[in-house]
Amino acid sequence: MSELRYTKDHEWLRMDGDTATVGISDHAQNALGDVVFVDLPEIGREVAAGEPVAVVESVKAASDVYAPIAGRIVEVNSALAEDPGLVNRDPTGEGWFFRIEPRDPAEIEALMDEAAYAAFLESQA
Amino acid sequence: MAEFTDDTPLRETPLAALHRELGARMVPFAGYAMPVQYPAGIVAEHLHCRAAAALFDVSHMGQAELIGQGAAAALERLTPADVQGLKPGRQRYGLLTNEAGGIEDDFMVANLGDRLFLVVNASRKQDDFDRIAAALPPGLRLARREDRALLALQGPGAAGALSSVAPEVAALPFMGIAEMTVAGAPAIVSRSGYTGEDGFEISVPDERAEEFARLLLRLPGVAPAGLGARDSLRLEAGLCLYGNDIDATTSPVEAALTWTIGKRRRMAWDFPGAGRVRQELADGPRRLRVGIRPEGRQPARARTPIHAPDGGAAIGEVTSGGFGPTLNGPMAMGYVARAHAADGTALALMVRGKALPARVVPLPFVPHRYAR
């Protein structure tokens, strides 16, 4: 299961083995514009689904990034400290935010798949 | 800033169709639909302005002419600026103050020889013009120029570009202003702006605005820029945004804008709020507007509380904050208690519950490069 899953808050999530990698969608990075700073959560933090856990700062504003699922933060993308522009250049790859150990894998199934997210974006346009 | 609900119909500038054609992202601002950025993005637009020339639509701003004998003296009843001393062909930055010594707006006033030309903030224009009109003695008339667009061409390439279609502008000094025909349109051109760069603000009739903007955009080095870049450019230049950095409660002394008060006015103390200004100049203001540089890369936004590094109660608040593309780092302006306002003073900015170390620094963050 390595396909991307999405939230209505424009985070994506991808299972890599036992952990889920989380970032913001291409749509989100495009809407934010140039990312200049990312405030990442502490490793080991237990988070609830929908809890604000990171902040992405563009030139014009700060925006919350929410945990798509409940679990424990096990890793953060330290490369973003040096190069926050990764979020713009490769939002679903090198621009990932954090990795989370899911508390309930069933929560992942409830997230939107690529097609559902595309339809959701269409409905928001 | 005023709040606008979804059902408030937004006004458009004469360049609305051009903005859409250029792919602008439009946002509500002071009752207008305005371009916040074009496809290039805020950082690219900002850097282009510092490197070449950026074209901004600022037609939402209020333009008016004050006509009649004694116009300058009449306007001085509402501002501490020296308007009577303004020579023909010259423009000046000033403040409209209230009786409590607060700032009602900041504005540009120019002497066009037979009349004064005013440019005020979009969010304040109704109030400003009502108040000015109400204060006029018989024989004077305030003519709002809702029929004119305002374009800003800013950057080190602005003079070269504009003078290729309007050779007269090359002779304008910084804060000089002249009426001229540009590409067949009657224009009022001032050498001024809101970016810290050399540049021009050009007032043209609405019906000529799009054609004129297209002409400028075809010139070498000229690219469009939106309100996003306008904000990061003005903050790097240390310039105030009305409603953020100055408002009806901040005084000219607290805002470090004492320089806008004419010498003659400081002898006569005959402007609204003179009592407070005089007292603050004598005893020192309670708080001062300062430049602030956070350590690291994290920006501190407007309304971030400011503390001393050793904790305790807040000593001030950020009024504008963001990331400077030319500075390549975070920057802010805000008010701090006078004891903490000296350059180099260490501060702690409370960003999302964490103390972000910062220092008071001199403004501007990026040196001005005005024409001499």
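These numbers come from a predicted model, not from an experiment. Note: hydrogens, waters and symmetry copies are ignored here, and every other heavy atom, side chains too, is used. We name chains A, B, ... by the order of the sequence lines, and we start the count at 1 in each one.
Contacts between A:D39 and chain B at a heavy-atom distance below 4.5 Å involve the side chain alone, from C-beta outward. When heavy atoms are compared at a cutoff of 4.5 Å, A:V55 approaches chain B solely by way of its side chain, counted from C-beta outward.
The candidate from B:P299, B:G228, B:G322 with the greatest count of non-hydrogen atom pairs under 4.5 Å with chain A is B:P299.
Under a 4.0 Å N-O distance rule, the pair B:R234/B:E236 does not qualify as a salt bridge. One finds no salt bridge joining B:R124 and B:D106 here, because no Lys/Arg side-chain nitrogen approaches an Asp/Glu carboxylate oxygen to under 4.0 Å. A salt bridge links B:R301 with A:E57: at least one charged nitrogen is closer than 4.0 Å to a carboxylate oxygen.
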Walk me through whether B:E12 and B:H19 qualify under side chain to side chain contact (heavy atoms under 4.5 Å, CB included). CA-CA 10 Å; B:E12 290 191 331; B:H19 296 317; over 6 Å; no
